[in-house]
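Worksheet: one structure, shown below.
Position 1 is the first residue of the sequence; numbering continues from there.
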Amino acid sequence: MPLQISETTRRLAQQAEKDLQEQFALVDEIAQTNAEKVLDAFQTHRVAESYFTGTTGYGYDDIGRDKLEEIYAHIFRTEDALVRIQFVNGTHAITCALFGALKPGEKLLYVVGAPYDTIQSAIGITGNAPGSLRSYGIDYGQVELTVDGKPDLPAIAKAVQEAQVKAVVIQRSRGYATRASLSVAEIGAICDAIHEVRQDVSILVDNCYGEFVETVEPTEVGADLVMGSLIKNPGGGLAPMGGYLAGRHDLIEAAAMRLTVPGIGKECGATLGNNRSLYQGLFLAPHVTAQAVKTALFSARMMELLGYHTDPASTDIRHDIIQMLHFGAPEPLKKFCRGIQAGAPVDSYVTPEPWDMPGYDTPVIMAAGAFIQGASIELSCDAPMRDPYTAYLQGGLTYESGKLGIMLAVDALQS
């Protein structure tokens with residue numbers, strides 16, 4: 001029996017797809033290039049069935065885990081990588097990298113405005129949580145964007161001249177900000193601006209939501225380290241947990257010592273039978289990421305046809321999987337999120353309500369009926385309940401299912 005979707009919405013979907021053919025073709029080309037890159041890495045490192053056997057206890061000599069890290073380093077064109085299920089989320093991976101890159105008395109600099117909400121407590125910008133970077137004597141500063149929302153290269157170059165600054169973070173995606181996500185080319189320009197005045201500053205990129213959206217990664221244009229979550233793009237919808245770092249060997253080693261303990265670092269960390277999912281998820285990641293990008297494009301065009309403002313627009317080139325949809329009022333925002341939940345394969349009967357989510361200073365509504373709890377590569381939509389009432393939509397394991405979720409949300413919006 002077909003889903004209960006109005007004929008009006010079905011006709012709107014046909015028009016949206018017709019309008020998006022050129023954009024979809026570009027997404028497919030990018031996916032093909034990235035699939036070739038991943039296949040090359042798998043074959044170069046001679047992936048074998050034996051790599052999928054997990055370890056328990058200490059996890060010594062886990063060849064599957066160690067080879068997977070070599071493959072990540074190959075794909076991201078780096079010296080080393082750390083890919084572990086022990087990372088509880090992307091924020092955990094990023095925090096370990098920051099603690100590894102900085103010592104007490106040194107300074108962390110964010111160069112595209114304030115970071116996303118939940119990393120702020122880890123840094124010590126907000127709250128008073130024990131164990132933050134600030135509580136360990138690590139200072140913090142940030143460079144604001146220009147008035148037109150672009151990285152301020154002269155201001156960045158000036159800020160990094162301060163001797164205390166030892167690590168710079170570039171956040172590729174927007175978080176709950178309204179700025180545009182950064183292209184890899186823009187990240188490269190920031191790296192160049194920093195390197196012109198300082199060679200001894202480590203450049204770290206929060207790569208969440210951006211992996212495989214373009215054909216190159218930030219570590220190919222000057223970044224020393226990229227950081228991200230396995231339940232976003234690189235996990236391909238199969239990784240059940242974890243995070244990754246890829247970059248310079250000394251930064252990876254220092255972060256590993258923070259994840260486990262000094263003197264052990266990467267040597268320990270049982271995989272508990274998850275290697276197969278991590279390998280297969282990575283293999284599928286270019287395709288699954290393309291499905292999420294197509295879903296984002298489709299949602300943008302559908303909402304534009306209804307008269308709503310979207311960012312990026314459906315005609316824009318994509319640099320991550322996130323789609324902003326501006327509702328301007330709380331009720332249509334809640335209706336749309338409830339429609340997305342109704343289109344989920346899991347918990348479709350649940351009604352999302354705004355709630356005081358840990359790490360946020362305002363109630364958040366979240367639609368997320370996923371096979372992996374909180375997986376942003378699966379279709380989800382969330383929003384802080386504050387003006388201008390903007391929803392942040394991401395994910396879609398398949399374009400077909402993502403399309404249906406958007407159509408149900410559009411129907412709910414018009415009810």
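- Applying the side-chain contact (heavy atoms from CB on, under 4.5 Å) test to Asn274 and every residue at least two apart in sequence or in another chain returns Ile85, Pro240, Met241, Leu272.
- Separation of the Phe24 and Tyr399 ring centroids falls under the 6.0 Å cut-off.
- Ser6 has its side chain within reach of Asp411: a pair of non-hydrogen atoms, C-beta onward, lies under 4.5 Å apart.
- Contact annotation: the side chain of Thr44 approaches that of His74 to within less than 4.5 Å [non-hydrogen atoms, C-beta and beyond].
- The pair Lys232-Glu211 fails the salt-bridge criterion, with no side-chain N (NZ, NE, NH1 or NH2) lying under 4.0 Å from an Asp/Glu carboxylate O.
- Applying the 6.0 Å contact sphere to CZ of Phe283 captures no more than 12 heavy atoms from other residues, nucleotides or ligands.
- Residue Glu400 qualifies as enclosed at atom CD: its count of foreign heavy atoms under 6.0 Å is above 12.
- Between the side chains of Gln23 and Gln21, no donor-acceptor pair is found at a separation under 3.5 Å.
- Closest non-hydrogen pair, Ala167 versus Ala101, comes out as CB-CB, 4.3 Å.
- A donor-acceptor contact closer than 3.5 angstrom is absent between the side chains of Asp224 and Ser202.
- Between Glu353 and Lys334 no salt bridge is recorded (no basic side-chain N to carboxylate O distance below 4.0 Å).
- The shortest side-chain heavy-atom distance between Leu102 and Tyr136 does not fall under the 4.5 Å cut-off.
- Within the 4.5 Å cutoff, side-chain heavy atoms of Pro218 are placed close to those of Asn207.
- For Tyr72, the side-chain contact (heavy atoms from CB on, under 4.5 Å) criterion is met by Leu68, Phe76, Ala81, Val83, Leu230, Pro234, Tyr244, Leu282, not counting sequence neighbours.
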Test log, rule side-chain hydrogen bond (donor to acceptor under 3.5 Å, both in side chains), inputs Asp28 and Gln32:
CA-CA 6 Å; Asp28 287 338; Gln32 183 66 59; over 6 Å; no
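- One finds a salt bridge joining Arg172 and Glu214 here, because a Lys/Arg side-chain nitrogen approaches an Asp/Glu carboxylate oxygen to under 4.0 Å.
- Taking the charged nitrogens against the carboxylate oxygens, Arg301 and Glu17 have no contact shorter than 4.0 Å, which rules out a salt bridge.
- None of Ile123, Leu108, Ile94, Val112 except one satisfies the side-chain contact (heavy atoms from CB on, under 4.5 Å) rule with Val169; the exception is Leu108.
- The shortest distance between side-chain heavy atoms of Tyr140 and Ile138 does not fall below 4.5 Å.
- Of all heavy-atom pairs between Pro363 and Asp356, the closest is CG-OD1, 3.6 Å.
- Under 4.0 Å is where a charged nitrogen must lie from a carboxylate oxygen, and between Arg248 and Asp250 at least one such pair does.
- Here the side chains of Arg174 and Asp311 are in contact, with some heavy-atom distance below 4.5 Å.
- Considering only heavy atoms from C-beta on, Leu393 stays 4.5 Å or farther from Ile322 through its side chain.
- A 4.5 Å side-chain heavy-atom check between His326 and Tyr389 finds every atom pair outside the cut-off.
- Closest non-hydrogen pair, Cys337 versus Pro352, comes out as O-CG, 4.1 Å.
- With hydrogens and angles left out, the side-chain atoms of Asp62 and Thr271 include a donor and acceptor closer than 3.5 Å.
- Every salt bridge (Lys or Arg N to Asp or Glu O under 4.0 Å) that Asp80 has, sequence neighbours left out, goes to Lys266.
- For Asp148, the CG atom is densely surrounded, since the number of other residues' heavy atoms within 6.0 Å is greater than 12.
- Electrostatic pairing of Arg276 and Glu49 counts as a salt bridge here, judged by a charged N lying under 4.0 Å from a carboxylate O.
- If you check the side chains of Ser181 and His319, you find no donor sitting under 3.5 Å from an acceptor.
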Tell me, with the steps shown, if Ser299 and Gln323 meet side-chain hydrogen bond (donor to acceptor under 3.5 Å, both in side chains).
CA-CA 8 Å; Ser299 70; Gln323 178 64 53; 4.6 Å; no
Applying side-chain hydrogen bond (donor to acceptor under 3.5 Å, both in side chains), run through Thr310 and Glu304 and close with a yes or a no.
CA-CA 7 Å; Thr310 68; Glu304 288 165 0; 2.8 Å; yes
Using side-chain hydrogen bond (donor to acceptor under 3.5 Å, both in side chains), reason through Asp320 and Ser173 one step at a time and then give a plain yes or no.
CA-CA 7 Å; Asp320 67 5; Ser173 198; 2.6 Å; yes
